[in-house]
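In the text below, chain A, chain B and the rest are named by the order of the sequence lines, each starting its count at 1. Heavy atoms only: backbone and side chains are in, while hydrogens, waters and symmetry mates are out. What you see is a predicted model, and the numbers here were worked out from it, not measured in a lab.
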2 protein chains.
Amino acid sequence: MLRRRKNKTPPLPPLCPLTECMKLLGGAWTANLVWRLSGEPRRFSELRSDIPRISAKVLSARLCALEKNGVLTRHVVASSPPSVEYALTEMGRELIPVIEAIVQVGMKLQHRVEVRPRSVPGSAPRPRARATHRT
Amino acid sequence: MLRRRKNKTPPLPPLCPLTECMKLLGGAWTANLVWRLSGEPRRFSELRSDIPRISAKVLSARLCALEKNGVLTRHVVASSPPSVEYALTEMGRELIPVIEAIVQVGMKLQHRVEVRPRSVPGSAPRPRARATHRT
DNA sequence: CTGTATCCTACAAGATACTG
DNA sequence: CAGTATCTTGTAGGATACAG
């Protein structure tokens with residue numbers, strides 16, 4: 001009798017739907033970036049001013065990743081000065097409902113804050129140095 | 001004439017709706033945790049087996065944070081052995097549409113993978129050592 | 001069962017400077 | 001304008017052990 005051996009190959013990467021989608025939206029600024037692009041295509045420098053606190057490095061990194069994941073396209077416009085336009089793909093547009101759901105909740109949270117502030121002026125918690133998500 | 005001085009207090013924390021909501025869902029396993037709780041309350045150990053790869057430390061940390069943020073409640077049941085039940089608050093339930101939107105997209109992504117695999121068996125990308133989001 | 005307490009490391013993101 | 005190249009740092013999360 002041959003015993004059944006353990007399968008060494010990793011057990012079919014979970015492919016949890018939540019994971020799969022979060023892989024696209026994870027990382028600082030990513031969700032916001034998709035949000036900024038949800039209206040119309042934008043150029044690199046436009047995105048930089050849409051999101052003033054993002055660094056060129058991170059913006060570039062996110063755009064590359066999102067392009068690789070099929071969320072957006074990068075289109076070089078041969079003008080002078082040259083510019084590059086980023087636009088959501090069809091797949092990227094599927095993320096819009098997600099962003100909108102998030103924004104919906106976010107707005108309710110803001111409303112709550114307005115009517116019942118949780119924190120007192122003097123005791124502002126120190127801003128978290130490096131959040132995983134930025135917007 | 002007195003000149004208007006700059007206001008030193010930080011400029012009204014952005015309160016971007018996206019940020020506000022992501023503060024709740026950011027961090028590894030968080031979204032999945034909310035998902036697991038969206039049906040009915042669950043105990044610590046149940047959550048541990050719902051999400052086998054989460055460590056006690058992180059699970060505990062997430063639950064604390066979510067409780068502090070008003071997303072869930074912690075209820076100690078004086079039984080023997082004692083147990084603790086976690087349940088979404090009303091505010092936590094508002095996050096369910098977000099999770100569902102994410103899952104929707106995630107499922108579409110999976111479908112894509114099934115019908116048009118992007119990666120060949122031999123070249124599995126090395127698993128990212130420490131993802132910011134886990135499920 | 002339900003957690004804390006430590007220790008450790010990879011990595012993400014910031015700053016800054018530079019290039020085509 | 002649209003990015004790279006380096007360097008540095010904080011910190012999130014994993015492992016493990018222990019406690020009420």
**OP:** Just compare C/dT2, C/dT4, D/dG3 and give me whichever is closest to any side-chain atom of B/C64.
**Re:** C/dT4
Original post:
In whole Å, what is the span from the OH atom of B/Y86 to the C1' atom of C/dC1?
Top reply: 11 Å
Subject >> From C/dC1, D/dC1, C/dA5, nucleotide with atom closest to B/K57 side chain >> reply: C/dA5
Original post:
Is the phosphate of D/dA2, meaning OP1 or OP2, less than 4.0 Å from a side-chain N or O of A/R74?
Top reply: no
**OP:** Ignoring hydrogens and angles, tell me if any N or O in the side chain of A/S80 forms a donor-acceptor pair with the backbone of A/P82 under 3.5 Å.
**Re:** no
Original post:
Out of D/dG14, D/dA2, C/dT2, which nucleotide sits closest to the side chain of A/S45?
Top reply: D/dA2
Original post:
Counting side-chain heavy atoms from CB outward, which of C/dC1, C/dA13, C/dG3 is closest to A/A28?
Top reply: C/dA13
Subject >> Electrostatic pair B/R42:B/E85 at N-O distance under 4.0 angstrom >> reply: no
Original post:
A/L63 CG to D/dG3 P: how many Å, rounded?
Top reply: 7 Å
Original post:
With a 4.5 Å limit on heavy-atom distance, are the side chains of B/R43 and B/V77 in contact?
Top reply: no
Original post:
Rounding to a whole Å, what distance do you find between A/L59:CG and C/dA12:C1'?
Top reply: 15 Å
Original post:
Is any side-chain nitrogen or oxygen of A/S60 closer than 4.0 Å to OP1 or OP2 of D/dT4?
Top reply: yes
Subject >> Between C/dT2 (P) and B/D50 (CG): distance, integer Å >> reply: 13 Å
Original post:
Can you check the B/E46 CD to C/dG3 P distance for me, whole Å?
Top reply: 13 Å
Original post:
Over how many whole Å does the gap from A/L47 atom CG to D/dA2 atom P extend?
Top reply: 9 Å
Subject >> Under 3.5 Å donor-acceptor, A/T30 side chain and A/G26 backbone >> reply: yes
Original post:
Looking at the side chain of A/R62, which of D/dG14, C/dA13, C/dG3 is the nearest nucleotide?
Top reply: C/dA13
**OP:** Compare side-chain N and O positions of A/R53 against OP1 and OP2 of C/dA13 and report whether any pair is under 4.0 Å apart.
**Re:** no
Subject >> Out of D/dG3, D/dC1, D/dG14, whichever nucleotide has its closest atom nearest the side chain of B/V58 >> reply: D/dG14
Original post:
Which of these nucleotides, C/dT4, D/dT4, D/dG14, is closest to any side-chain atom of B/A56?
Top reply: C/dT4
**OP:** Provide, to the nearest angstrom, the distance between the CZ atom belonging to A/R42 and the P atom belonging to D/dA2.
**Re:** 11 Å
Original post:
D/dG3 phosphate, OP1 or OP2: any side-chain N/O from A/R48 under 4.0 angstrom?
Top reply: no
**OP:** Whole angstrom is fine here: how far is it from CZ in A/R134 over to C1' in D/dG10?
**Re:** 12 Å
Subject >> Shortest side-chain distance from A/P81, nucleotide among D/dC1, C/dT2, D/dG3 >> reply: D/dC1
Subject >> Under-4.0 Å salt bridge between B/E90 and B/R93 >> reply: no
